[in-house]
Number of protein chains: 2
Amino acid sequence: MKEITSKQQRVLDCIQIYLNKTGFPPTRADICRELGFKSPNSAETHLRALEKKGFITIESGTSRGISINNQEYLGNKNEYPVIGLVAAGSPTLAEENIERTIECSKSFFDSNFDYFLKVKGLSMKDAGIIEDDLIAVQKTSDIKNGDIVIARLDDEVTVKFFNRKSQQIVELKPANKDFKDIIVDLEKDKLHIEGKSIGLLRKN
Amino acid sequence: MKEITSKQQRVLDCIQIYLNKTGFPPTRADICRELGFKSPNSAETHLRALEKKGFITIESGTSRGISINNQEYLGNKNEYPVIGLVAAGSPTLAEENIERTIECSKSFFDSNFDYFLKVKGLSMKDAGIIEDDLIAVQKTSDIKNGDIVIARLDDEVTVKFFNRKSQQIVELKPANKDFKDIIVDLEKDKLHIEGKSIGLLRKN
DNA sequence: AAAAGTACTGAATATATATACAGTATAATA
DNA sequence: TATTATACTGTATATATATTCAGTACTTTT
């Protein structure tokens, strides 16, 4: 997908808005009316540019034969990958780690998120997180004490409460009395925070 | 919404399929081609009937100016109500009980469901269900032992595990040692099963 | 028994629409 | 410096399309 110009973006937005409003795509004249063009050829050339760049498909000889290609423009839907919490190695978005995908809107968990992490074990049981739950993970380094974080400690990935004790010391606290707190000395141990939980999904 | 005839349903389906395939509505001629009509007026009269019955809207003098009215046909999206678990009274879909709605696809929790129930209390803590969780409820009477049910017992609504002991006796079991089992004698007590949990949603 | 609704064919037509052609002007790229 | 892409106006036109009118036939409702 090539780069889009701001004018072309406005035309693309115009098509989307028209579609949402009416249920069918605009004509060249409709686009002119919406964007203040005085010649249908203005719309035509923009459409041809958008087609060339792969943003839309134009059915030749067909009235209103415009369809938007990129899924992101078709409403607010998206496919989010489900990643297994493998004991070793980080939960990357590499294809071999993706078990499946779930279709859901970007704003489904109020904040934006990046992927679903499938939980193993019961170390967060008292926080209502059990085996096979899907945690909605937001990749971020903006972590506060009390956040549920996805942490990688020496190639081991875990889900725990985050608690910074001092400059050097971070506690990773489970929500289950059968598990011990993990004390991390940032000077000695390699801690990487993948992100934090912003929601949870369970199917039973 | 009036009754639809089978022929009109076929025309409506044809419009939806055409929309999914191309991204824009069909012309009268397109419908004829799809359904084997020999005159564009065949499509025209069906469209007028569908419009009269409220299934579609036709924009006059506009090519492909057909839009499907019923939300169910517009893709797979739907708004699901969030209902608070009020101590007394059943969680009905009456407007005053709907806190808000969540947009999500019908098949989001694999099985179909009807509404979200907002959980109060911690009686199902060990099943990973905590305060303010949203349970995806399927209204059904098809309940098996071990299902998490939404039960109404004398105007009190609770979420519990279902366990039928005998013809007469049903146990409603919490998942928290601080709570006691509820033993229901179907001869004496009025038990109504609203439905069962088929999933869970949490936003934090 | 009459009227209205459904379900078509077939032909005709006004107009809605895509699209080509002729220009002008500016910015970006080779 | 020439070329290509962007960003328009303005005119023209073939055709794609909605829509009306004239029929036929069958079914359902009043």
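Chain identifiers are assigned alphabetically (A, B, ...) following the order of the sequence lines, protein sequences preceding nucleic acid strands; residue numbering begins at 1 within each chain.
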Looking only at side-chain atoms of [X], point me to the closest of [options].
X: Arg28(B); options: dT9(C), dT6(D), dA18(D); answer: dA18(D)
X: Ser60(A); options: dT19(C), dC8(D), dT6(C); answer: dT19(C)
X: His46(A); options: dA11(C), dA7(C), dC8(D); answer: dC8(D)
X: Phe37(A); options: dT17(C), dT9(D), dT19(D); answer: dT9(D)
X: Ser42(B); options: dA16(D), dC8(C), dA7(C); answer: dC8(C)

Between Phe109(A) and Tyr80(A) (judged by ring centroids, cut-off 6.0 Å), do the two rings come close enough to count as a pair?
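Not close enough - the centres of the two rings lie 6.0 Å or further apart.
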
Nucleotide [N], atom [atom2] - distance to [atom1] of [X] in whole Å:
X: Arg64(A); N: dT15(D); atom1: CZ; atom2: P; result: 21 Å
X: Lys38(A); N: dC8(D); atom1: NZ; atom2: P; result: 12 Å
X: Gln9(A); N: dT6(D); atom1: CD; atom2: P; result: 14 Å
X: Glu51(B); N: dT6(C); atom1: CD; atom2: P; result: 13 Å
X: Glu44(A); N: dA22(C); atom1: CD; atom2: P; result: 16 Å
X: Leu35(A); N: dT9(D); atom1: CG; atom2: C1'; result: 16 Å
X: Ile31(B); N: dA7(C); atom1: CD1; atom2: P; result: 14 Å
X: Ile66(B); N: dT17(D); atom1: CD1; atom2: C1'; result: 11 Å

Given DNA chain D, 5'-ward residue of the pair Ser39(A) and Ala49(A), judged by closest heavy atom:
Ala49(A)

Distance test, side-chain N/O of [X] to OP1/OP2 of [N], below 4.0 Å:
X: Thr5(A); N: dA7(D); value: yes
X: Lys52(A); N: dA5(D); value: yes
X: Gln8(A); N: dA5(D); value: no
X: Lys7(A); N: dC8(D); value: yes

Here's a test for you: under side-chain contact (heavy atoms from CB on, under 4.5 Å), which of Leu200(A), Ile83(A), Ile102(A) qualifies with Leu134(A)?
Ile102(A)

Electrostatic pair Asp110(A):Lys203(B) at N-O distance under 4.0 angstrom:
yes

Using 4.0 Å as the upper bound for N to carboxylate O, is an ion pair formed by Glu194(B) and Lys139(B)?
no

Tell me whether Glu171(B) contacts the main-chain N or O of Ile183(B) through its side chain, where contact means a donor paired with an acceptor under 3.5 Å.
no

Tell me what Arg48(B) touches on the nucleic acid: a base, only sugar-phosphate, or nothing, going by heavy atoms under 4.0 Å.
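Arg48(B): backbone/sugar contact only, no base atoms under 4.0 Å.
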
Closest-nucleotide mapping onto DNA chain C: is Ser63(B) or Cys32(B) further toward the 5' terminus? I mean the 5' end.
Cys32(B)

Need to verify one output field. Residue with the more 5' nearest nucleotide on DNA chain C, Asp30(A) or Asn41(A)?
Asp30(A)

Pair Lys118(B), Asp133(B) - check salt bridge (Lys or Arg N to Asp or Glu O under 4.0 Å), show working.
CA-CA 6 Å; Lys118(B) 195 168 186 177; Asp133(B) 278 357; over 6 Å; no

